[in-house]
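One structure is given here, and the rest of the page talks about it.
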Amino acid sequence: MEKKTALITGAYGGLGQCFAEIHAKAGGDLILVGRDPKKLVAQAEKFTEKYKITAHTIAVDLAEKEVAWSIYDTCEANGWTVDYLINNAGFGGQGEFIARTMEQDMAMIAVNIETPTRLAKLFLPDFVKRGNGKVLNVSSTAAAMPGPLQAVYYATKAYITSWSEALWREVKDTGVTVTCLMPGAMQTGFAQAGGLSDTKLFANAVSPLEVAQAGYDAMLQGELEVIAGLTALQKPFMNLSPMIPKKLLLDNVYKLQERGSADN
């Protein structure tokens, strides 16, 4: 393929690492974005050596309000043209809304909603002006329903899905595409960081590599959305959820996300 540069947020995490590997293996250059500069440099060196591509790093805290401008300005100052914007970074957190701190949930909204929105605000006009470019926004199957015990996380992913679908239509016929990836439960650091490792929801989590490949391929094809990596439990649940009475649905989601439910 013609060499393209992908900017990936949350680059050294499970799904982000997979996106970076897939793109580098295809011969594409990378702009790796994350919080830990040592991990980013190690990742960049690995891909540079393994695939003979160019890999740049930007170490930033994606919860900070000005971070999108910092990322964009760094690319502009260095002459790095972004062809693919992969808004991958995000996190959740188990617990009752009233028990979680203000800081925890506001940081989640910043990383999951504000920063992807700001990055698209900055990069998407450049894509449209050029007449080419692709955006991949990582949402979740959580977007399809409310999520008691992860109330804010589920709501952030509902935003990402709705926003991505609207953008897909707005940029139609410009040469630019926006794709939304909706993964199921995956074997990444997400569950451990969010206190979800011992829940029934993550009891049979799938490999992130197959999910990343499905999302990457869908992005290249300009698809509207792709659902990937559903567990055996999630597949029938996703199909039936629109028909389940809302109160019963909420009870079921709550039970799936209770700590210790994996053994029940």
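Keep in mind that this is a model prediction, so the values were computed, not measured.
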**Asked** Under 3.5 Å, is there a donor-acceptor pair between the Gln221 and Asp217 side chains?
**Response** no
Counting only pairs under 3.5 Å, give me each side-chain donor-acceptor contact of residues 110-120, with atom names and distances, residues two or more places apart or in other chains.
from   : atom 1 : to     : atom 2 : distance (Å)
Asn112 : OD1    : Phe91  : N      : 3.0
Asn112 : ND2    : Phe91  : O      : 3.0
Asn112 : ND2    : Thr156 : OG1    : 3.2
Thr115 : OG1    : Leu62  : O      : 2.7
Thr115 : OG1    : Ala110 : O      : 3.3
Thr117 : OG1    : Ile113 : O      : 2.7
Thr117 : OG1    : Tyr159 : OH     : 2.9

Distance-only donor-acceptor pairs under 3.5 Å for side chains of residues 37-44, two or more places apart:
from  : atom 1 : to    : atom 2 : distance (Å)
Gln43 : NE2    : Ala11 : O      : 2.8
Gln43 : NE2    : Gln17 : OE1    : 2.7

**Request:** Any chance you could measure Ile160, atom CD1, to Asn87, atom CG, to the nearest 0.5 Å?
**Result:** 7.0 Å
**Request:** Verify side-chain contact (heavy atoms from CB on, under 4.5 Å) between Ile22 and Lys25, making sure each step is shown before the conclusion.
**Result:** CA-CA 5 Å; Ile22 291 166; Lys25 188 176 181 179; 5.9 Å; no
**Message:** Could you tell me if the side chain of Ile58 sits less than 4.5 Å from the side chain of Cys75, heavy atoms only?
**Reply:** yes
**Asked** Closest approach of Thr179 and Glu223, non-hydrogen atoms and distance?
**Response** OG1-O, 2.6 Å
**Prompt:** Between the main-chain N or O of Asp29 and the side-chain N or O of His23, is there a donor-acceptor pair closer than 3.5 Å?
**Reply:** yes
**Prompt:** Can Ile98 be reached from Leu250 by stepping across I, L, V, M, F, W or Y side chains whose heavy atoms are under 4.5 Å apart?
**Reply:** no
**Item:** For Trp80, all residues meeting ring pair (Phe, Tyr, Trp, His ring centres under 6.0 Å), sequence neighbours excluded
**Value:** His56
**Request:** Just do the side-chain contact (heavy atoms from CB on, under 4.5 Å) check on Leu32 and Tyr12 with the steps written out, would you?
**Result:** CA-CA 8 Å; Leu32 305 168; Tyr12 53 75; over 6 Å; no
**Request:** Taking all heavy atoms of Trp168 and all of Gly222, pick out the closest pair and write down the distance.
**Result:** NE1-O, 3.4 Å
**Request:** List the steps and the verdict of ring-ring contact (aromatic ring centres under 6.0 Å, His included) for Tyr216 and Phe19.
**Result:** CA-CA 7 Å; Tyr216 186 84; Phe19 282 131; 7.3 Å; no
**Item:** Any side-chain heavy-atom pair of Lys134 and Asp83 under 4.5 Å
**Value:** no
**Message:** Give me the atom names and distance for the closest heavy-atom approach of Val138 to Pro183.
**Reply:** CG1-CG, 4.2 Å
**Request:** Say whether Tyr153 and Gln94, considering side chains only, have a donor N or O and an acceptor N or O under 3.5 Å apart.
**Result:** no
**Prompt:** Is Val178 linked to Val128 within one hydrophobic cluster, defined over Ile, Leu, Val, Met, Phe, Trp and Tyr using a side-chain heavy-atom separation of less than 4.5 Å?
**Reply:** yes
**Item:** Criterion side-chain contact (heavy atoms from CB on, under 4.5 Å) on Phe127 and Val171, from CA distance to verdict
**Value:** CA-CA 10 Å; Phe127 290 6; Val171 300; over 6 Å; no
**Asked** What distance separates Leu7 CG from Ile31 CD1, expressed to the nearest 0.5 Å?
**Response** 5.0 Å
**Message:** Minimum heavy-atom separation for Ala55 and Thr48, please, with both atom names.
**Reply:** CB-OG1, 3.8 Å
**Message:** Quick check against the 3.5 Å criterion: does Ser140 have a side-chain atom that pairs as donor or acceptor with the backbone of Ala143?
**Reply:** no
**Request:** Work out which heavy atom in Gly10 is nearest to a heavy atom in Ala89; give both atom names and the distance.
**Result:** N-CB, 3.6 Å
**Message:** Here's a test for you: under side chain to side chain contact (heavy atoms under 4.5 Å, CB included), which of Cys180, Ser164, Ser139 qualifies with Glu225?
**Reply:** Cys180
**Message:** Is there a side-chain contact between Asn137 and Leu181 in this structure, where contact means two heavy atoms from C-beta onward sitting under 4.5 Å apart?
**Reply:** no
**Prompt:** Taking the side chain from Ser162 and the backbone from Ala158, do they hold a donor-acceptor pair closer than 3.5 Å?
**Reply:** no
**Request:** For the residue pair Ile8 and Leu30, establish whether any side-chain heavy-atom pair is separated by less than 4.5 Å.
**Result:** yes
**Request:** State plainly whether the residues Arg35 and Glu64 are in salt-bridge range, i.e. N to O under 4.0 Å.
**Result:** no
**Item:** Heavy-atom check, side chain of Val135 versus side chain of Tyr84, under 4.5 Å
**Value:** no
**Request:** Determine, step by step, whether Asn132 and Val176 satisfy the side-chain contact (heavy atoms from CB on, under 4.5 Å) criterion, reporting the C-alpha distance in whole Å, the side-chain angles of both residues, the deciding distance to 0.1 Å, and the verdict.
**Result:** CA-CA 5 Å; Asn132 64 77; Val176 179; 5.8 Å; no
**Request:** Search all heavy atoms of Val253 against all heavy atoms of Pro146 and return the closest pair with its distance.
**Result:** CG1-O, 3.9 Å
